[in-house]
Amino acid sequence: MNGITKEQYEFALARVEELLPLVGDNTPANDKKALELSVMSDIVITYENEHFPIEKPTVAELIELSLEEKGITQRELAGNIGVSPSRINDYIAGRSEPTLKIARLLCLELDIAPAAMLRV
């Protein structure tokens with residue numbers, strides 16, 4: 001499904017909003033409204049992926065978000081992985097990138113998927 005126009009996208013988006021209240025968890029998958037909702041949703045998703053791609057977070061953003069989620073300070077993280085607090089700050093500020101060894105430790109300590117750290 002390629003080349004969805006803005007008009008088609010806007011129509012599909014409006015139709016999704018109309019159909020959502022009419023289709024529930026108990027609606028059979030072969031129900032006409034459920035099928036139409038699925039098709040319209042696919043159109044919306046395809047258009048948005050093409051026109052509004054979501055950038056993968058940077059290493060700095062991953063570290064910063066993970067620190068917030070875990071409630072860990074930069075100083076605590078530094079102590080846990082054996083680097084200086086200023087080194088952690090350099091990673092978060094984007095002044096430097098962690099080595100593979102440190103990236104591995106960050107992944108383990110902060111529960112970051114290695115693929116995300118490598119921006120794959």
Side-chain angles (χ1 to χ4, degrees):
M1 202 183 301
N2 225 357
I4 296 167
T5 67
K6 186 176 182 195
E7 292 76 21
Q8 291 168 327
Y9 164 73
E10 289 171 351
F11 174 85
L13 189 59
R15 194 67 186 127
V16 164
E17 289 179 18
E18 292 168 5
L19 290 166
L20 272 176
L22 307 176
V23 177
D25 291 340
N26 298 326
T27 306
N30 63 351
D31 177 85
K32 283 169 87 174
K33 286 182 174 64
L35 289 170
E36 184 183 359
L37 178 60
S38 176
V39 170
M40 292 296 136
S41 295
D42 287 347
I43 290 169
V44 168
I45 290 166
T46 300
Y47 184 90
E48 289 181 351
N49 284 343
E50 188 177 322
H51 291 87
F52 312 113
I54 297 173
E55 291 292 319
K56 292 180 179 164
T58 64
V59 170
E61 291 166 336
L62 283 171
I63 295 170
E64 196 167 28
L65 289 170
S66 297
L67 285 173
E68 282 179 35
E69 283 177 9
K70 297 228 171 255
I72 300 173
T73 65
Q74 291 182 28
R75 184 174 298 285
E76 289 171 313
L77 175 61
N80 292 349
I81 65 169
V83 298
S84 69
S86 64
R87 177 56 70 192
I88 297 295
N89 192 269
D90 286 345
Y91 299 149
I92 291 173
R95 286 187 293 270
S96 69
E97 294 273 324
T99 63
L100 280 176
K101 178 183 173 199
I102 297 299
R104 180 179 174 279
L105 293 172
L106 288 167
C107 288
L108 292 171
E109 187 67 29
L110 299 173
D111 294 324
I112 297 171
M117 183 67 76
L118 295 171
R119 298 190 69 167
V120 177

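All heavy atoms count here, side chains included; hydrogens, waters and symmetry mates do not. What you see is a predicted model, and the numbers here were worked out from it, not measured in a lab.
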Nearest heavy-atom neighbours spanning A34 and A29: CB-O, 4.1 Å
Distance, nearest 0.5 Å, that separates CZ of R75 from CD1 of I72: 14.5 Å
Cluster check F11, I43: I/L/V/M/F/W/Y, side chain < 4.5 angstrom: yes
From CD (E109) to CD1 (I81), nearest 0.5 Å: 7.5 Å
Closest contact, heavy atoms only, L110 versus S66: CB-CB, 3.7 Å
Side chain to side chain contact (heavy atoms under 4.5 Å, CB included) evaluation trace for L77 with V83: CA-CA 8 Å; L77 175 61; V83 298; over 6 Å; no
Any P85 side-chain heavy atom under 4.5 Å of N89 side chain: no
Rounded distance [0.5 Å steps], CD in E64 versus CD in Q74: 7.5 Å
CG/L100: more than 12 non-hydrogen atoms of other groups inside 6.0 Å: no
Where H51 and P53 come nearest, the two heavy atoms and their spacing: C-CD, 3.4 Å
Flag if over 12 foreign heavy atoms under 6.0 Å of CZ, R104: no
Distance in Å, Y9 OH paired with E48 CD, rounded so as to fall on 0.5 Å steps: 3.5 Å
T27 side chain vs G24 backbone, donor-acceptor pair below 3.5 Å: yes
Distance in Å, L19 CG paired with K32 NZ, rounded so as to fall on 0.5 Å steps: 12.0 Å
In one Ile/Leu/Val/Met/Phe/Trp/Tyr side-chain cluster, 4.5 Å: M117, I54: no
Ionic contact status for K33 with E36, cut-off 4.0 Å: no
Same apolar cluster (I L V M F W Y, side chains within < 4.5 Å links), L65/I112: no
CA sep, side-chain torsions, deciding dist, call: D111, K70, side chain to side chain contact (heavy atoms under 4.5 Å, CB included): CA-CA 9 Å; D111 294 324; K70 297 228 171 255; 2.6 Å; yes
Interatomic distance, L62 atom CG to I92 atom CD1 [nearest 0.5 angstrom]: 11.0 Å
D42 backbone acceptor or donor facing T46 side chain under 3.5 Å: yes
I45 with L13, same ILVMFWY side-chain cluster at under 4.5 Å: no
Taking every non-hydrogen atom, the tightest pair across C107 and P114: SG-CA, 3.8 Å
Positive for side-chain contact (heavy atoms from CB on, under 4.5 Å) with E97, one of D90, I102, V59: V59
Closest non-hydrogen atom pair between A103 and P98, with its separation: N-CB, 4.0 Å
Cluster check L35, L20: I/L/V/M/F/W/Y, side chain < 4.5 angstrom: no
Closest non-hydrogen atom pair, G94 against A60: N-CB, 4.3 Å
